[in-house]
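Before any comments, here is the structure.
Heavy-atom basis, side chains included; hydrogens, waters and symmetry copies ignored. Per chain, numbering begins at 1; letters A, B, ... match sequence-line order. These numbers were taken from a predicted model, which means no experiment stands behind them.
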Amino acid sequence: EDQVTQSPEALRLQEGESSSLNCSYTVSGLRGLFWYRQDPGKGPEFLFTLYSAGEEKEKERLKATLTKKESFLHITAPKPEDSATYLCAVQAGNTGKLIFGQGTTLQVKP
Amino acid sequence: NAGVTQTPKFQVLKTGQSMTLQCAQDMNHNSMYWYRQDPGMGLRLIYYSASEGTTDKGEVPNGYNVSRLNKREFSLRLESAAPSQTSVYFCASSESPMANYGYTFGSGTRLTVV
């Protein structure tokens, strides 16, 4: 069964304190791995798509990496505005359906 | 750009009542999806429509029906609401089922069934 597990569930950082979020997956025939950001009361917002092991993508203070079993979202020198829930999802097979993890809620304190 | 618009934003239903959640996108996307989000459960797919005229069940379809009214609109109907359907519902769309930039989500409908 396709499965996505994110850790930790919650993460508190001081402004400027770098860290990483983990997304472990078990899927048959990975087509793509997606990262989203979700602010309270809003829908998820697309950040990155990764397709193959070794691939990396960056956006401002965020960098996503992919291995054959997991993905990391590295946050460098975070700011309070980076506080949000970060969702990981995998796409398998030909239907395009995304399977989401439970998310990691990040709080960055000034 | 409006993107994906969901109505209503909030709704309270009594057990057994019915309602339809509306979703419309203005990006000329072919594929549309309904998810529900519950604490600790993540986003779970209810139904999806890969293209106009087609619909398929997702992970948690029981108690729901959908209609792909046209390319723009995809509605979700609860025929007889139950407290277990209390959740936040998100509609999403993508250019195609395998679009490489993922989905565009609406802002959600917060539904409470009492």
Side-chain angles (χ1 to χ4, degrees), chain A residues 1-10 21-27 29-52 55 57 59 64 66 71 73 84-105, chain B residues 1-7 9-10 21 23-25 27 29-51 54-61 87-111:
Chain A
E1 182 181 343
D2 298 337
Q3 196 167 5
V4 180
T5 303
Q6 292 187 246
S7 61
E9 286 188 18
L21 313 182
N22 177 262
C23 172
S24 298
Y25 62 90
T26 304
V27 63
L30 179 72
R31 301 296 294 264
L33 185 140
F34 298 77
W35 282 98
Y36 288 84
R37 170 188 170 130
Q38 186 175 23
D39 292 302
K42 296 189 177 182
E45 180 182 338
F46 171 75
L47 291 173
F48 305 110
T49 309
L50 302 167
Y51 293 102
S52 57
E55 189 175 359
K57 289 197 176 171
K59 180 179 181 180
L66 181 65
S71 177
L73 185 64
T85 296
Y86 291 87
L87 302 171
C88 169
V90 297
Q91 187 178 62
N94 296 318
T95 65
K97 294 183 291 185
L98 293 186
I99 301 166
F100 283 83
Q102 294 95 327
T104 294
T105 299
Chain B
N1 287 341
V4 177
T5 303
Q6 292 184 236
T7 56
K9 294 190 182 303
F10 301 93
L21 281 63
C23 174
Q25 52 91 8
M27 297 169 287
H29 283 173
N30 291 300
S31 304
M32 298 185 75
Y33 312 84
W34 277 105
Y35 281 86
R36 60 178 289 175
Q37 187 173 39
D38 303 290
M41 301 292 290
L43 283 157
R44 293 181 293 169
L45 183 63
I46 305 171
Y47 270 94
Y48 67 102
S49 172
S51 60
T54 69
T55 59
D56 284 289
K57 295 178 180 179
E59 181 185 356
V60 288
S87 186
V88 181
Y89 292 85
F90 288 100
C91 177
S93 69
S94 64
E95 187 174 280
S96 70
M98 304 306 292
N100 60 11
Y101 54 80
Y103 301 170
T104 301
F105 282 85
S107 57
T109 295
R110 188 173 296 273
L111 175 67

> Heavy atoms, side chains only, cut-off 4.5 Å: are B:Phe90 and B:Gln6 in contact?
Replying inline: yes
> Is the closest side-chain donor-acceptor distance between B:Thr54 and B:Asp56 under 3.5 Å?
Replying inline: no
>> Between B:Ser49 and B:Thr55 (side chain of the first, backbone of the second, donor and acceptor by atom type, cut-off under 3.5 Å), is there such a pair?
In response: no
> Any side-chain heavy-atom pair from A:Leu66 and A:Lys57 closer than 4.5 angstrom?
Replying inline: no
> Strictly by modelled atom types, are B:Ser87 and B:Asp38 linked by a side-chain donor-acceptor pair under 3.5 Å?
Replying inline: yes
>> What part of B:Leu43 gets within 4.5 angstrom of chain A, counting heavy atoms only: side chain, backbone, both, or neither?
In response: both
> Non-hydrogen atoms of chain B under 4.5 Å away: do they reach the side chain of A:Phe48, the backbone, both or neither?
Replying inline: neither
> Under a 4.5 Å heavy-atom cut-off, does chain B meet the side chain of A:Lys97, its backbone, both or neither?
Replying inline: both
> Any side-chain donor paired with an acceptor under 3.5 Å for A:Thr85 and A:Thr105?
Replying inline: yes
>> Is A:Gln6 close to chain B through its backbone or its side chain, or both, or neither, when contacts mean heavy atoms under 4.5 Å?
In response: neither
> Considering only heavy atoms, which portion of A:Leu47 lies under 4.5 Å from any heavy atom of chain B: side chain, backbone, both, or neither?
Replying inline: neither
> For B:Tyr103, is it the side chain, the backbone, both or neither that has a heavy atom under 4.5 Å from a heavy atom of chain A?
Replying inline: both
> When heavy-atom pairs shorter than 4.5 Å are enumerated against chain B, which of A:Gly101, A:Gly103, A:Ala89, A:Pro44 gives the highest number?
Replying inline: A:Pro44
